[in-house]
Number of protein chains: 2
Amino acid sequence: MHSYLQKIRDFITNLDVDSSKIFNNMSPIQHFAKGDFLLKQDDVCRKSYWIIRGIARKYYLHDGKDITTELYFEDDLAVSFESYTLQKPSKEYIQALTDISVAVTDYTLFQKMKQQFPKLTELDLMLTEYYAIWLEERLFEFHTLSASERYLNLLEKQPQIVQFVPLTHIASYLGISLETLSRIRAKI
Amino acid sequence: MHSYLQKIRDFITNLDVDSSKIFNNMSPIQHFAKGDFLLKQDDVCRKSYWIIRGIARKYYLHDGKDITTELYFEDDLAVSFESYTLQKPSKEYIQALTDISVAVTDYTLFQKMKQQFPKLTELDLMLTEYYAIWLEERLFEFHTLSASERYLNLLEKQPQIVQFVPLTHIASYLGISLETLSRIRAKI
DNA sequence: CGACATATTGAGATCCATCAACCAATGTGG
DNA sequence: CCACATTGGTTGATGGATCTCAATATGTCG
């Protein structure tokens with residue numbers, strides 16, 4: 001696991017009693033069935049979803065095709081970042097790829113709690129930093145790797161994606177056509 | 001200008017007196033000559049640089065080629081994000097493309113000040129959110145736009161880049177070969 | 001002026017997308 | 001439980017976008 005994630009976990013574990021109590025009671029559990037939408041395009045993303053069990057994806061439509069931007073597994077935080085941060089309509093959908101359980105945190109409530117418990121702002125910052133570092137890595141891959149290099153890289157870093165997600169979504173996640181991905185896999 | 005940047009400016013303007021005093025005295029001005037390095041690969045990025053005057057770029061080397069990841073103008077914040085955040089060796093260089101003046105903030109000092117003045121943590125969060133949103137936009141461009149669409153998009157959104165930065169750097173910033181960029185421009 | 005960096009243009013090769021046909025697995029209503 | 005639809009994946013043929021290599025042009029600065 002990424003060492004910064006560990007640091008974030010440690011930070012949560014070592015929160016003072018009050019902050020910790022708030023943090024643990026802020027996010028009720030919800031369940032969604034396979035195919036359900038957690039967020040639709042043009043809606044404001046007012047919740048963040050901590051994936052407890054199952055798989056989900058985030059995507060948008062471009063020229064009629066859907067472009068997968070993120071794939072979520074256990075312990076990932078599903079949210080349409082720009083929509084959530086600016087509280088403006090989302091360009092993206094978030095959809096359950098299997099039945100899922102999630103811990104749901106309300107944006108407005110979290111904002112209030114951050115004002116009362118500054119440690120939560122620090123936590124928010126750490127999570128955002130982690131996301132930015134992840135985005136930089138993704139950008140590096142698009143900037144410098146060929147289609148098959150991107151696939152091999154994914155296979156190495158997140159084999160669970162290749163194992164559990166339909167190739168159609170993996171292809172669009174990697175910015176490759178389904179056919180090309182199929183041929184890349186055949187060659188290995 | 002992006003509306004979230006305006007919100008950040010307003011936040012800085014409206015800081016309480018103490019936070020504001022700290023913020024304004026934390027960052028001495030420095031000057032660099034054209035070609036100077038603000039950061040080199042393998043060094044830890046211990047400073048952030050607020051560009052006051054001039055142009056700079058961030059890049060890394062991949063297969064002997066240099067890949068420009070960001071171009072900085074007045075009021076931009078130059079920093080190798082992962083290196084700065086995790087205080088680990090940088091993959092990237094930051095270099096002055098013209099003579100520049102920058103306000104330099106030390107990482108360690110800023111961390112200490114954040115502990116004393118929680119408003120600075122909020123500010124840090126806002127800046128990081130802004131960077132993450134910018135990264136998402138970049139990723140969208142690589143994910144869905146063709147070479148010429150990326151160039152036209154840049155021309156529209158940041159004409160100052162096309163005006164002042166050598167085509168070599170623009171091409172690598174867009175993930176295009178210099179020759180292809182030259183042909184795209186000839187066709188317009 | 002000479003030297004070095006920067007940009008243009010041409011020719012050929014390569015990667016990858018698209019379109020189309022086909023295949024396999026799964027599930028559902030009758 | 002079969003027939004058929006649906007979803008997900010493969011394979012082939014072709015074309016277009018973009019890269020690479022090479023030659024030439026233009027610009028800039030000591």
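Chain identifiers are assigned alphabetically (A, B, ...) following the order of the sequence lines, protein sequences preceding nucleic acid strands; residue numbering begins at 1 within each chain.
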Which residues, if any, of residues 170-188 of chain A bring a heavy atom under 4.0 Å of DNA chain C? A:Gly175, A:Ile176, A:Ser177, A:Glu179, A:Thr180, A:Arg183
A:His143 NE2 to D:dC19 P, in whole Å, measures 11 Å
Does a donor on one side chain sit under 3.5 Å from an acceptor on the other, for A:Lys58 and A:Thr69? yes
Write down the distance between CD1 (B:Ile67) and C1' (D:dC19), rounded to a whole number of angstrom. 13 Å
For A:Tyr131 and B:Glu136, does a side-chain donor sit closer than 3.5 Å to a side-chain acceptor? yes
Can you tell whether the side chains of A:Glu82 and A:Lys91 come within less than 4.0 Å, N to carboxylate O? yes
Tell me the interatomic distance from B:Tyr151, atom OH, to D:dA17, atom C1', rounded to whole angstroms. 18 Å
Taking only residues two or more places apart in sequence, or in another chain, which ones meet A:His31 in a ring-ring contact (aromatic ring centres under 6.0 Å, His included)? none
Using a strict 4.0 Å threshold on nitrogen-to-oxygen distance, state whether B:Asp16 and B:Lys119 make a salt bridge. no
Compute both the distance and the angle, then confirm whether A:Arg150 meets the cation-pi test with A:Tyr173: under 6.0 Å from the six-membered ring centre, within 45 degrees of the axis. no
State, without any angle test, whether A:Glu92 and A:Tyr60 hold a side-chain donor-acceptor pair at a distance under 3.5 Å. no
Can the ring centroids of B:Tyr59 and B:His169 be said to lie less than 6.0 angstrom from one another? no
Going 5' to 3' along DNA chain C, which are the first and last nucleotides with any atom under 4.0 Å from a heavy atom of chain A? C:dC16 to C:dA20
